[in-house]
Amino acid sequence: MKSIIKKISASFVLIILISGYALCQKLQLNDQGYFETPGVNVFVYSNQYTGMFNDEKNAGIEIIHHGVRTATGGAVRLQNTSEQWDLVPTVADRKVDKATNTIDLTLKYKDYDFDSRISVTPKDNGVIISVFLDKPLPEKLVGRAGFNLEFIPSAYFKKTYLIDGKPGLFPLYPASSTTMDSKNNKVLQYAGHSTFDDRGRNEYIVPEPIASGKTILMAPEDPGNFVKIQALDADLMLFDGRNLAQNGWFIVRSLIPANKTGKVLQWYLEPNAIPNWKRAPVVQFSQVGYHPNQEKIAVIELDKNDTPLKSATLFQVTTEGKNVEKLTADVKQWGKYLRYNYAKFDFSSVKGPGVYFIKYGNQSTNTFIISPDVYSDIWHPTMDVWFPVQMDHMMVNEAYRTWHGAPYLDDALQAPLNHQHFDGYRMSDVTDTKYKPLEHIPGLNVGGWFDAGDFDIQTGSHVTVLLNLVDAWEKFGVNRDETFIDQATRYVDIHRPDGKPDILQQIEHGALNLVAQIENIGHPVRGIIVPNLHQYHHLGDAITETDNLLYNPALKPYESDGKSSGTLDDRWVFTNRSPMLDYSASGALAAAARALNNFNKPLADRCLAAAKKMWDENSNKPQSNNQPAGMMFAGSSEMSAALQLFITTKEEKYSKRFTELLWPSLDRSPGGRGGLSSALQAIPYMGNDFRTRLRDYIIKYKESIDAYGKENPYGVPITSRGWGGNSGVINFAITNYYANKYYPDIVNTEYVFKGLNYIFGCHPYSNISFVSAVGTVSKEIGYGNNRADFSFIAGGVVPGLLLFQPDFLENKEDWPFFWGENEYVIDIGAQYVFLSNAVNELVSK
Ligand SMILES: [Ca+2]
Ligand SMILES: [Ca+2]
Ligand SMILES: [Ca+2]
């Protein structure tokens, strides 16, 4: 009897304990595999470090705090403030255990034969993070290995911290102390490269902590960003990562003790949750506005615990400055996509030109325009400003501002053999040229554009730019002249007409570098880029990334005779030859030859000669069948070359080869976009049978693009991890433009507008235009080469939204340093110029 009572009461107590335990923990491990409570998500390696850029600030233990990702990189790290190319741990044995409400994993540093285990589990209002070692810390890592968690500075600017009760301000600009140490003590960086230019002194910088203690309260005054961290058996240190790298974050860190195994470190981490927090609705629409006759549908992004309102209202701002209700209409539920619910507000019936805004609940959007000419200027910033700023080998001026001097006049050295470059370039064990490793290759310091926010010449993206600009020139007669470009004196002046169409001057500028590659090397090259990592992260005027003096091995490093220097900083040319590159350059140059024919005849002739040379040298080669995947890629660039050479020369051998390659490629991916867009571009040159035969493929394509409308509320292809998907969306809209042009009964114009609306603000996460300075509210923080100034380059188009697994799309507008979200690249810029002109043609009909 007694024992039965004992048993009953014991299990009763257990039940109370379990339920009490569950009640006092706010965070729960959800079905998506992360810890969740309204307002706080803790990700534990839902996202892992990938690729060669290593510290990408998008992996490890991360916090989504009231809808914003504010902390990342929770991991055992080997530096106080890890940089982009510092070693990162790989993850093994990640276990998400709902029964114990725990995520466990092992972190490995192969280079140091060092493993640690991490366990994260909820406790009270936060989580406990525990670090375990099975073997004591390797000697080399004592005082170096620690547990780090990084906080985005922009969320903590103008806010305070308390560390063991002692107050401090988060610095707006890095100015905390550093010390120097011998390079011999430095932990390795990616592939033995170094981000630091020690000027030959064999040393490196060690950041010192701003503050230390046992408990830190970050932004206690701000419930939205308040985070408490307690080290249960160690000290906490607060660092500012920006002393070493402008893209650094605020870092809270505890060192792992020497000579210990088992549980070596434990933190209690508590991100404050505002009670009953719900994310405010985001009303998404085109910041550029709408043509009167197009569909006008705003998408409303809602917290999953939010209930959609019944209706929304469109207001017009009158000439008297009054807000007049124009339309109240139902808000229609669309459903769930990733982590939010979506609804739509259709105001297509409003067609009157004017200034409007949307009111949803007590939230009013910024104003936007409905007008027949909303699209007429949308590409001007890209052609007038963005492309000029990206021009290599030129000084670029704009009114009182000089964007950069004429850089890389010391181009370029033959890259050495068997070299893996940190920006993805590679050299095999042959050069495929007549030059010796590190020998100067003449003639390359001309033309070309900085590929992106870095300063290399990427031949592949030049090909895309040339094809799109030639297409825009030929189809729409784009003859805007707002740029002065003088190749002879290497001078560019923005907002200064010179009597020559800018688009032809840009085509000329791209062609100059591609032709120079083929003439001086014998074939196009993968790219031209600085050799040292400490050069590569350059922020500032491009002219100072190298010394602009030819390398002279007879001089010592940093020594100069005024004409040459002993510093090995000239860019390297990655020269391995590939049929794919040969063919794609051939296509681009054949196209450029047409555009330049009446503009710069000698260059046009050189372009066509180079294009034919690349075609002949490749098409006379025996076919190899043992690399089907590579052949397929080569096939699509061969197709492009064949088409462009045919359009330029009208020689039948090219059209024959084009169609030979085209139809099988269309059959390989029914409904796909790749070959289809070449086919559509070929229609005017191929005759009626061709157009009739293509029709079935367009019907299949239409089915495939309609599937996007079921996947997400925007009806466009949204990717991805690594790099945002805006280029895919723009290409989708371009293909739809062509499909509509030739098959308007199958694909209507709304499939073009859908892509544009998305780029201009009708997209997840926020409602800003992804084209800087285009639309009422647009990207004012971009990853251009001016990113350290938290600024933008007008007309640059960013990659857009990055997916953080499992369900979080992000595009930060207060932090420029995520290249996958914010880095402008030249190919998307040219595609955007084409699409903008295509849409203007569309609405003028
Ligand atoms: Ca690059
Ligand atoms: Ca001009
Ligand atoms: Ca140099």
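Source: prediction; values computed, not measured. All residue numbers in this chain count up from 1 along the given sequence. In each ligand, atom 1 is the first atom listed, and ligand 1 is the first ligand listed. Computed from heavy atoms alone, side chains included, the values below leave out hydrogens, waters and symmetry copies.
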Exercise. Less than 6.0 Å separating the ring centroids of Tyr824 and Trp386?
Worked result: yes
Exercise. Between Gln189 and Thr195, is a side-chain hydrogen bond (donor to acceptor under 3.5 Å, both in side chains) present by the stated rule, with each step listed?
Worked result: CA-CA 8 Å; Gln189 291 189 290; Thr195 50; 3.1 Å; yes
For this session: Flag the pair Phe422 / Tyr190 as yes when their ring centroid distance falls below 6.0 Å, and as no otherwise.
Result: no
Exercise. Quick one: angle Asp456 OD2 - the Ca ion (ligand 1) - Asp454 OD2, to the nearest 10°?
Worked result: 120°
Exercise. When the aromatic ring centroids of Trp572 and His419 are compared, is their separation below 6.0 Å?
Worked result: yes
Problem set entry | Geometric cation-pi criterion, Arg199 with Tyr558: 6.0 Å, 45° | yes
Seminar exercise, completed: From the list Asn600, Val515, Thr648, Ile518, side chain to side chain contact (heavy atoms under 4.5 Å, CB included) partner of Cys607 resolves to Val515
For this session: Pull up every protein N/O/S atom sitting under 3.0 Å from the Ca ion (ligand 2), skipping waters.
Result: Asp481 OD1, Thr483 O, Asp498 OD1, Lys500 O, Asp502 OD1, Gln505 OE1
Exercise. Can you check whether Phe387 and His509 have ring centres sitting under 6.0 Å from each other?
Worked result: no
Problem set entry | Within-3.0 Å protein N/O/S contacts of the Ca ion (ligand 3) | Asp410 OD2, Asp547 OD1, Leu549 O, Asp569 OD1, Asp570 OD1
For this session: Given salt bridge (Lys or Arg N to Asp or Glu O under 4.0 Å), test Asp411 with Arg571 step by step and report yes or no.
Result: CA-CA 6 Å; Asp411 274 350; Arg571 295 198 294 190; 2.8 Å; yes
For this session: Could you tell me which N, O or S atom of Asp423 is nearest to the Ca ion (ligand 1)?
Result: OD2
Seminar exercise, completed: What one should report as the nearest heavy-atom pair of Glu780 and Glu813 is N-OE2, 2.6 Å
Exercise. If you look at every heavy atom in Arg594 and Val470, which pair is closest and at what distance?
Worked result: NH2-CG1, 4.1 Å
